[in-house]
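Structure first, then comments.
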Amino acid sequence: MSRFADFPNPTLAVDIVALSVADTRLHCLLLRRDDAALVGGDWAFPGAVVHHGKPVEEAVARAAQIKAGLGALHLEQLATYGDPARDPRGHVVSVAWMAIAPHALLLDKVTANPDLCLAPVIVDWPGETGGPAQALGADGQPLRLAFDHAAILGDAVKRLRGKIDYSPIGFGFVPPRFTLRAVQEVHEAILGRPLTKPAFRRKLLDRHPLHPTGTLETGGAFRPAELYERDPAQEM
C-alpha cells in the first residue's frame, strides 16, 4: 500500500482577492512584488503559504492581516488553482478567497502601506462569459500581474456578476448606512453597464428588506439623498 510519504507534496497557499467600488469602477487590492522577474509580474494578490499542521483558514487570516492589514471582512472561497506551471518557483496549489469591502476601508490600508495599491479593474468580455481581467496603474496602463492572477481576477468578476442580481453581496461594498444611488453604482461597476434608476430601485426594494433611516447623506457631490440600512439578519 502506498504511503503519503512516498509522494512529493506540492505547496499549498492562499490568495485574497480584495475588491471595492469607487467612481463607478471595480477596484482590486494588489501587493507589490520584489521578485517580478521571477514570478512574471510586479503586482499580485496578498497571499500566504499554509503551514504544516495549520488549517487553511489560518493562512487566510495571516495573509489578510500581515500582508494587507485587513481585519474582519466578508470572505468567500472563490476557486482552487493547481496548474503545476502557475508558479515558476515550483508546484504551488492556491486556494483563492474573495473579500469585498467599502472602498474607504481599503484605501486606508493603501495609505498606510506604500507596497499596496488599489487598481481599477477592466474586463473585455460581456456578461458572465468570463476570462482574464486587467488591473490598471495610476497612469492608466495595465499592470503586470504575477502568476495566474489575471485569470483569478477574471474569475472573481465572473462570480460577482453571477451573484449580484439575486444575492445581497453588493451591500458588502457600501458602509452600514448607504444611499440607493451608491448601491446602484456598485451594481453598475460589477455588471459593466448602466442601469435605469426607477427599474433598478423597484427590483432592489422588492428583493431586499431595506430600512430608511430618516437622515440624509452629507458631504456628497449630489443632492443629499436619504440613507438606508439593511436588515442585520440578512446574510451575504
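Along the sequence shown, the residues carry numbers beginning at 1.
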What distance separates Arg159 CZ from Ile164 CD1, expressed to the nearest 0.5 Å? 13.0 Å
Indicate the atoms forming the closest heavy-atom contact of Asp124 with Pro132, along with that distance. OD1-O, 4.5 Å
Before you tell me yes or no, could you show the steps for Arg25 and Asp23 under salt bridge (charged side-chain N to carboxylate O under 4.0 Å, His left out), namely the whole-Å CA-CA distance, both residues' side-chain angles and the distance that decides it to 0.1 Å? CA-CA 5 Å; Arg25 300 182 79 174; Asp23 302 322; over 6 Å; no
Using the rule that two of Ile, Leu, Val, Met, Phe, Trp, Tyr join whenever any of their side-chain heavy atoms come within less than 4.5 Å, decide whether Val95 and Val92 are in one cluster. no
Could you tell me which non-hydrogen atom of Trp43 sits nearest to which non-hydrogen atom of Leu116, and how far apart they are? CZ3-C, 4.2 Å
Pairing of Arg89 and Asp87 as salt bridge, 4.0 angstrom limit: yes
Nearest non-hydrogen partners of Cys117 and Val110, listed with the distance: C-CG2, 3.9 Å
Considering only heavy atoms from C-beta outward, does the side chain of Leu118 approach that of His103 to under 4.5 Å? yes
Any non-hydrogen side-chain atom of Asp165 less than 4.5 Å from a side-chain atom of Arg207? yes
Give, for atom CD of Gln141 and atom CG of Leu136, the distance between the pair rounded to the nearest 0.5 Å. 8.0 Å
Are any side-chain N or O atoms of Thr129 and backbone N or O atoms of Trp125, one a donor and one an acceptor, separated by less than 3.5 Å? no
Hydrophobic clustering (ILVMFWY, side-chain heavy atoms < 4.5 Å, transitive) - are Val183 and Leu216 grouped together? no
Just by modelled atom types, is the Ala199 backbone N or O under 3.5 Å from a matching donor or acceptor in the Thr196 side chain? no
Within the distance-only criterion (no hydrogens, no angle test), does the side chain of Lys109 pair as donor or acceptor with the backbone N or O of Gly69 below 3.5 angstrom? yes
Validation row, ring centre Phe171 to ring centre Phe178 under 6.0 Å: yes
Could you tell me whether the side chain of Arg181 reaches within less than 4.5 Å of the side chain of Arg201, counting heavy atoms only? yes
So CZ of Arg230 and CZ of Arg177: to nearest 0.5 Å the spacing works out to 15.0 Å
Answer yes if Phe45 and Phe147 sit in the same cluster of Ile, Leu, Val, Met, Phe, Trp and Tyr residues linked by side chain heavy atoms under 4.5 Å apart, and no otherwise. no
Can you confirm if the aromatic rings of Tyr228 and His211 lie within a centre distance of less than 6.0 Å? no
Rounded to the nearest 0.5 Å, how far apart are NE2 of His91 and CG of Leu12? 10.5 Å
Kindly say whether Leu195 contributes a backbone atom to a donor-acceptor pair with the side chain of Glu188 at under 3.5 angstrom? yes
Donor-acceptor check, side chain of Glu217 to backbone of Pro224, threshold 3.5 angstrom: yes or no? no
Do Val17 and Leu29 have side chains that approach each other closer than 4.5 Å (heavy atoms only, starting at C-beta)? no
Is it true that, when you exclude Asp206 itself, more than 12 heavy atoms of the residues, nucleotides or ligands shown sit nearer than 6.0 Å to its CG? yes
Any chain of hydrophobic side-chain contacts (each under 4.5 Å) joining Met98 to Ile16? no
Please determine whether side-chain contact (heavy atoms from CB on, under 4.5 Å) holds for the pair Phe173 and Ile190, giving the CA-CA distance in whole Å, both sets of side-chain angles, and the decisive distance to 0.1 Å. CA-CA 11 Å; Phe173 291 94; Ile190 291 170; 3.7 Å; yes
Minimum-distance pair of heavy atoms, taken over all atoms of Arg62 and Val50: NH2-CA, 4.4 Å
Should Thr24 and Val186 be marked as a side-chain contact (heavy atoms from CB on, under 4.5 Å) after you check the CA-CA gap, both sets of side-chain angles, and the distance that decides it? CA-CA 7 Å; Thr24 68; Val186 166; over 6 Å; no
Using modelled atom types only, decide if a donor and an acceptor are shared between the side chain of Arg33 and the backbone of Leu145 within a distance under 3.5 Å. no
If you look at every heavy atom in Ala189 and Val21, which pair is closest and at what distance? CB-CG1, 3.8 Å
Gap separating the CG atom of Leu26 from the CG atom of Leu160, nearest 0.5 angstrom: 6.5 Å
CG-NE2 distance between Leu30 and His149, expressed to the nearest 0.5 angstrom: 9.5 Å
Scanning both residues in full, the closest heavy-atom pair of Cys28 with Ala135 reads SG-CB, 4.0 Å
With no hydrogens and no angle check, is any side-chain donor or acceptor of Lys158 less than 3.5 Å from a backbone partner on Gly130? no
Start with the C-alpha distance between Lys163 and Glu76, add both sets of side-chain angles, then the distance that settles salt bridge (charged side-chain N to carboxylate O under 4.0 Å, His left out), and finish with yes or no. CA-CA 12 Å; Lys163 294 185 66 172; Glu76 64 177 68; 3.0 Å; yes
Got a sec, which pairs hit salt bridge (Lys or Arg N to Asp or Glu O under 4.0 Å) with one end in residues 126-148, sequence neighbours left out? Asp42-Arg144, Arg86-Asp148
Same cluster (ILVMFWY, side-chain, under 4.5 Å), Val93 and Val60: yes
Assess the side chains of Tyr81 and Asp15: does a donor N or O sit below 3.5 Å from an acceptor N or O? no
